[in-house]
Every structure is written in C-alpha cells, then in structure tokens.
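See below for the structure under consideration.
Throughout, protein chains are lettered first and strands after them, A, B, ... in sequence-line order, and every chain is numbered starting at 1.
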Amino acid sequence: MRRDAPPDLIGARVPRVEDPRLLAGRGAYVDDLQLPGMLQLDILRSPHAHARICELDVSMARALPGVVAVYTGRDLAQFLKPVPSAGGMQGFNAPPHHVLAVDRVRFVGEGVAAVLAQDRYIARDARELINVTYDVLPAVTDPGVALTPQAPVLHDDIGSNRAFELRIGNDTQAALAASERIISGRFINQRVIPGPMETRGAVAHFEPWEGRLTVWLSTQAPHLMKREFARYLDFPEHRLRVVAPDVGGAFGAKNNPYAEELLAAALSLKHGVPLKWIEERSEHMLATSHARAQAVEVHAGVRADGTVQALHYRLTADMGAYYHAITHIGPMMTAALMTGAYRIAHAATDIISVFTNATPTDPYRGFGRAEATYFIERTMDLIARELGLDVLEVRRRNLIRPEEFPCTTPTGHVHESGNFQLCLDRALERFDYEGTRREQARLRAAGRYLGIGIATHAWRAGFPSVPGGKGYVTSGWEKSTVSIDAAGKIRVVIGTSPHGQGVVTTTAQIVAQQFGLLPQDVRVIHGDTDAVAQGNGTMGSRSLVVGGSATLLAAQQVRAKAIRLAAHLLQIDPRQVVLESACFRDAGNSQRGIALTEVAAHAFAGPRDLPDGMEPCLEAAVLFEPANFTTCFGTHVCAVEVDVQTGAAAIRRYIAIDDAGRAINPTLVEGQIHGGLAQGIGQALMEGASYDSAGQPLAASLLDYATPKASDLPHFEVELTETPSTVNPLGARGIGEAGAIGAPPAVVNAVLDALAPLGVRHLDMPLTPQRVWRAIQEARA
Amino acid sequence: MNISLRVNGRPVEAVVEPRLLLVHFLRERLRLTGTHIGCDTSQCGACTVHLDGRAVKSCTVLAVQADGCDITTIEGLAAEGELHPLQAAFQEQHALQCGFCTPGMIMASLELLGRAIVPDDREIRAALEGNRCRCTGYQNIVAAVRTACERS
C-alpha cells in the first residue's frame, strides 16, 4: 500500500513540465494558428510624429485582387468607439484615442489605414498602394519642452500637454527647511522598449451561427481582455472567448487591449470570417507600449551623518501621445515607493504627467518601481558623495530595520515585513566589499578604473484590489480550482496566465505536495477563458504571491475533504488520518490505510455513500484577495571596470541577493532574476528609445535598438534569502521584477564610482561607450 | 517556380512565388511552425534552421534558394519522439522561459556540438551573437550548450 515518499516539493528544483513541447518546436504561438478562410489584417502607419491627414486615397489598394476591404480611421469611427484606458475610466483627462487616426496623427507608427486581404503578401502590396498626403505639424517628444508655452499641443480639447498633476506624500517643505543640508540632483529613467521576442498578434474568429467570438491573443491577461473586448465591442461577454496560447514574452507590454487587437475582433464580427493580425518587429518598436520615461528633480534634506530627514521629487512622466491601459499609474507607483528601502519621515512627489508625440508608455517589468528604485538609489550615492561618506554607510544608516515592520511610509505604502539588512550583509560578504575597495585602490594607482555599485531595493508586488477601480487592471484577486479525478490525478485551473515564468510547474509542485503526489500527477490549465471561468492575469509579480496562494488554499480545502472521506471509509476520526505519499493511514494502526486513488473514486458516489452533508467530488475553488501588497527586497552589488580610452563599461562581477519569501522552485526563481538582470543591465548600458527633433524614432528595429546579446552580459551570481511574507499564505514574495529593478542603479552607481577620480559626477542612462567617453573628455577639459 | 528539396529528411516538391521567404514556406506551406519570426532585420535568429548542415536565418533566404537543398528544422531534431541531447540540456539547465527564441537558439548552437575541444563560456556567448533572448539573460543557455558539448 505504501510507496516511497516523494521528496519535499516545496523548494525543489523540479525541471519545468512546460519545456518538452517548446523544445521540440511544438509550441503554439498565435502566428502558428491557421484557420480555413482566414484573412490577413495589415496596418499602414504614420511616418510623421505630428501631422494632419489631408488626403487619404485607398482606391488603388481596394482594387488590388485579393484585397477584401480597406478601412480608414474615419470609416472605423462610424462604428467603433475610441480605445479604452483605465485612466479615462478613473476620471483622468483621457483624450480620445481612435483605433486608427482620424484626421490627425500624433506619433510615428500610429495606425492610419487597415487592409484586409487574402494573405500577408497581398496585404503588404495593398498597404503600399495607399496614398496619404500629410500636412506636417511641429512635434514635441521631450516632456520638459512639451510643458513650455511655445510647445505644439497634441490634444486641442485639453488645451495643453499636461495630462494630470498630482501630489503624493506628506509635508516636506518644513522638514526640508529644517534640514542641516539640502542635496539636489536630477535623474532620468529613460524611455525603453520592453521588446519580447514574440511581437503582438491576434487571431479573431466570429462564428455567426454560434453567435460566438473567439480571440487568440498574445496577452498576459486573457480574462482582463475578455472583459474589455466585450465592453468595447458591445458583445455579450458570455459568448466571447479569449485564449492566450503560448506567449513569447510580454514583460508588461501585453497587458493592454491594443487598437489593432480590438480592430481585428471588430472586423471579424463585421465580415463574419476568421482573420489574423501579426505585428512586424519594426511596427512593434513603434506601436507597442514603450516604458519608463520619467525624470525627477530631487531635493533631499540630510544630516551630516547621512540620515535622510526629508525627500522631495518633482516628477515629470512622459505618457506618450495617448493613454494605454494603465499609463497613468506609472508615476503614481513611483511616487508611492519613492522612499525605497529607507525610513524617511517626510517625503512627497509632485507629479506632472505630459503628452508627447511619442509612442504611448505603459508597464514594463518593474513598472513604476524600477523608476522609484533608480531615483532613490542614485540619490543615496549622491548624498554619500556630497557628504564624503561611504555609500554603504549611508544606506545602513537609513535602512528600515527588521523590528520596524509593518512600516508605513509618508506616501502611504505599508511595507508588511522584511529584512533588508539580511540581503545587504550577505551581498557584502559574498562580494568581499572591503577587499574589493582595496583592489579598487590598487587598480586606480595603476591607471585602471574599477567602480563598485550597490542597490538596496524594496518595492511591492501582488496588488490588492483598488477601491472604486471598476475592475480594469484593478482587481487584485486571483482564483484557482483544484479537482481530483476518479483515478486520483489532479487538475488545477488557474486564473493567472503564465508565459515563461514556469507557473505551471510551481503550481504542480504546490498541489502535489499537499497529497504526496508527484508534479506529473498534476495538470495545470490556464489561459483559455472557456476553460478558466474567472481570473485576472500575470502582471506585477503576482502569479505566485496571489495566484499561488489561491492554489494552495484550494488544495488544502480538497485535502481536508479527502481526509474526512478517508476517515469515513476507514471508520476512524478524521483527526486520526495521516496523509502521506497519496495514502491515508490510520495513525493508531499503521497497517490500516486507504489509497488516494480509492478515496478519489469513492468521492464520485452518491451522497448516501458519503459522510453526512458531504457533496460528491473532491474539488474546491478559492478566490484569494491579498490584504496588502507583498514587500519585495534585495541587495545587488556589482563591480564595473571602465576603459577610459573607449568609454566601455565591463561588468566584472554582479551579485544579486534577493528575498523570495519562500522559493517554491529555486531554479525558476533564479531564472526570473537572470532575465530581469539582463533587462536592467540593458537599460543601464545599452537601451534607449530616443527621438530626433522632428519626432522620428532613432531606434525602430533590433538593428538600432540594443537589447543585450549573450556576449554583452556577465555571469550573474544569484542567491536567495527566504523571509516569509505576512500577507499571503505561501509566504512568497514577488521575484519576477527584482532583476530589472535592482540592476540599473547598481550598474550606474558602479560606473560613476569608477569615474569619480576623473571628476565625472553625473551620467544619464544608457551609459553607452560614447556617452561615457564624452563625459570623461568633458571632465578633463 | 518549382522547387524540390528535402525537409527533415523528407522530399518536398512545391510551386512558390519567387519572393516567398523560406521561413514563410516552412511555417505556412509545410506547417512547420517551430521556426519562429522575431524580427524583420535578421537580428534575432528565432528563424534559424539548418541548410545543408549549416545554420542560416530562414527569414533572409528565399524558398527558391533552398531548391535542391537539405533543410533541418527544430521539428527534425526530436524526430524519434525523444529530445535531442541539446534539447534535453536546455530543459535540465532551465535555458528557456517563454520558448520563443528557443528553436533558433538550439539550431544555432547545434553547430558547436561534436567539436574536438569543448568551447568555453566566452566562446559560446560569441557563437550566439546572432540569436537574441529577452527572457533568460543567457546564463542558463550558455550552461546548457556547454553541458551538451561536454557530453557530445
């Protein structure tokens, strides 16, 4: 009856169950789907940053054989509403964002016309046959310039480029005035492109005789999309199915109901045929959300010992030309977390959000929190330098101590629990901070420039529902359903929508652990709204923290029911039942027991064969709503050598100590950190989506936008600490964004530390060789 | 135009437009969708296949250029229903997350296997110059390739 006990699955490095089909080339991404009679949708995009559409002639395109239809923005405005944004729903001044531009374009890449044709080659030919005459207007892509009275105004109805202004925090004026010293700086967290390897794409299929619309979408949140598509299209939600098939990366950029996706669904409804829209990479660089694009003016009131008494930011946030789903949230999140890992009594941010003739911004791994961390960690280094203190000492003096949790910040965020010192101490020990400082001095004497950079990051994951948020990217709950079949195997239906995180494997680990099963005994279903009744999606490091908690609670409920049934069958008290290795044993008589398979089969019997009041079937559904955000934290420390002849920065060592709360599968946690580090280092050293003075993007393909290659990155030294969170039953902390949050300040601090003897005091990302070399020359001059 | 070639060991005859890209031919005509398209400029390598034993980016090869050639795609690697040692190493080392770049990564790094000297990490990173991944930070990909090289 007993079999060998499976190993403890919590904390086990279980290989991913997701992998074999992806490795064998049998994944199914949205572009892999082909339906009979499927048409191809293609979009003609604006080559201008700001222009009036004077003439738009689609007659030649319409006449091309194989073309089914061509639409302009005016055509679509007859029957389609503007694209929704949460900002607009929450009362923010949201300008109309049409599916395709109506009379005026406001960024390079904005859709101007849509072609529906028999295949992608014909659609492309037709696109080339559309004639547009533009009256080019002055453009503005710099948010600072956009606020000046001379700047061209994007949205006439608003009258200026101010999207919104908001103050978050307590009073800082008096505290700053009373400070021993005020240290000021200006930091920019530049505009970047999330850039998943799979671009966006959709297949929409309306079946008129069924009254059913199915949309396969490269998305991180199929349920959110289902709700929004239904609302947008005025289509009955119960007849709408959204499927996230395999998704080739998202990083926050596939969390928005995009114009092209809504259009694909609307045109499938209109034409009654399946159709496909797949974005090209060059379109992706222009029309999928950009991110970050924030700048702060900092005033920090400090004591001579480095204690920060007050902190004030004036934050300028670049929204781009329109709001995407939650564009407006970014600067608010930055403000909420502006004090980072530190105890600062007085802190406030004055936000000015600005429309510019640039691609709309929206989440990217670390949304708002990467910016906040960059600003505060650069500020800490600035304070240390100005006061002549060690950067480490300034951090130690201000870190929130373990006994100070829960800790409410002046901006209203509650850090539920943590141990920031633990990560810092471990990082310094592994790095050999003192030894590396001595090495730095030796190298400097030899004319080599090594710098040390530290970032002690603290942020938040797994958001609770936003009061009054109306459910548009504001619902913080997640749902899981666990059911056992008659053979004792388990099916788990989860509301999150993993696309690389490995949540299928971790979910199987969590559930199998409860029953003494193996991960392969558990099948995890996600991403299809017909198979998963309710959910929200994968974003903001919530899949494990919130979704995993719902799964754990559901599994525990099923386990408790199974124990009651086993006790009934064994005719003993449930408290006497021990569940081990998929077998229920009598604690009082080790010879007596019953296998999970038998109990599971029995659970399908009629109620008369079950304990009084027990419903048939071993199944439970749990919806988990977190009481608060989970605090996430860690320390990153790196050594970077700068070649002063070329300006090239080479990372010699990178150590990331991050707290996982509870690492269900350390291999997957480390993988998440690696990936985030690559993106964070990319932002620090290589990436930037900049524009010329006419608003032309300077990075419109992977030729000129530098996402890191293998040879650009070092070997990372990643280590986990485990300080259980107090706000979810798993004790887990969000880890998916840690790398992208910690790396930019760690790397920039290191480069500036390397260059300090040369008199270089400030640099803005990306620290390309050219930018670094110029700064060295300017400092020498 | 008429073309005849071998794909994953099987003979294929087709009539194609001269402008049809090999990657579209493989994906849409032969339904070998394991080969992916990640960019338009030959930067990302997601579309890497083997043409007469050498790794090529199938987005910059016309189908007609493959006339008379022998093509291997990711689907041809685990043909017997068992993962190739390189694929197995990718799983073992957690060298994939979203999986989109993975077929191209594998087809590109296949060339490193079976050499007399096992490449070091720097050489592996250099060899992956033409393939981009946005999920893994490459560390585990390097480890997987090294592991497979050591075993080959």
So which part of [X] gets closer than 4.5 Å to some heavy atom of chain B, the side chain, the backbone, both or neither?
{"X": "A:L713", "answer": "both"}
{"X": "A:R26", "answer": "side chain"}
{"X": "A:P194", "answer": "backbone"}
{"X": "A:D119", "answer": "neither"}
{"X": "A:Y29", "answer": "side chain"}
{"X": "A:H499", "answer": "backbone"}
{"X": "A:R120", "answer": "side chain"}

Side-chain heavy atoms of [X] within contact of [Y], under 4.5 Å:
{"X": "B:R134", "Y": "A:P708", "result": "yes"}
{"X": "B:R27", "Y": "A:D32", "result": "yes"}
{"X": "B:T102", "Y": "A:L22", "result": "no"}
{"X": "B:H94", "Y": "A:L668", "result": "yes"}
{"X": "A:K709", "Y": "B:R125", "result": "no"}

Residue, of [options], that accumulates the most heavy atom pairs under 4.5 Å with chain B:
{"options": "A:G682, A:G249, A:S701, A:G671", "result": "A:G671"}
{"options": "A:R13, A:R21, A:Q34", "result": "A:Q34"}
{"options": "A:G502, A:A678, A:G195", "result": "A:G195"}
{"options": "A:G739, A:G676, A:P498, A:P714", "result": "A:P714"}

Closest non-hydrogen atom pair between [X] and [Y], with its separation:
{"X": "A:L23", "Y": "B:L96", "value": "CD2-CD2, 4.0 Å"}
{"X": "A:P15", "Y": "B:Q91", "value": "CB-NE2, 4.1 Å"}
{"X": "A:G25", "Y": "B:I74", "value": "CA-CG2, 3.6 Å"}
{"X": "B:G38", "Y": "A:T199", "value": "O-CG2, 4.4 Å"}
{"X": "B:C98", "Y": "A:G248", "value": "SG-C, 3.3 Å"}
{"X": "A:L702", "Y": "B:C44", "value": "CD1-CB, 4.1 Å"}

Would you kindly say whether A:S711 and B:E129 are connected by a side-chain donor-acceptor distance under 3.5 Å?
yes
Does a side chain donor of either B:Q97 or A:Q672 reach within less than 3.5 Å of an acceptor in the other side chain?
yes
Using a 4.5 angstrom heavy-atom cutoff, name the option from [options] with the most pairs to chain A.
{"options": "B:R122, B:H84, B:H24, B:H36", "answer": "B:H24"}
{"options": "B:D40, B:L86, B:L20, B:L83", "answer": "B:D40"}
{"options": "B:A127, B:C39, B:C101", "answer": "B:C39"}
{"options": "B:D121, B:I106, B:N140", "answer": "B:N140"}
{"options": "B:E28, B:Q139, B:Q93, B:R31", "answer": "B:Q139"}
{"options": "B:M105, B:R132, B:E17", "answer": "B:R132"}

[X] [atom1] to [Y] [atom2] distance, which is reported to the nearest 0.5 Å:
{"X": "B:E92", "Y": "A:T667", "atom1": "CD", "atom2": "OG1", "answer": "11.0 Å"}
{"X": "B:I37", "Y": "A:R281", "atom1": "CD1", "atom2": "CZ", "answer": "11.5 Å"}
{"X": "B:I141", "Y": "A:H674", "atom1": "CD1", "atom2": "NE2", "answer": "11.5 Å"}

Between B:F100 and chain A, which part of the residue has a heavy atom less than 4.5 Å away: side chain, backbone, both or neither?
both
Is it the case that over 12 heavy atoms from other parts of the model lie below 6.0 angstrom from the CZ atom of B:R54?
no
Enclosure of B:E82 CD (heavy-atom neighbours >12, cutoff 6.0 Å)
no
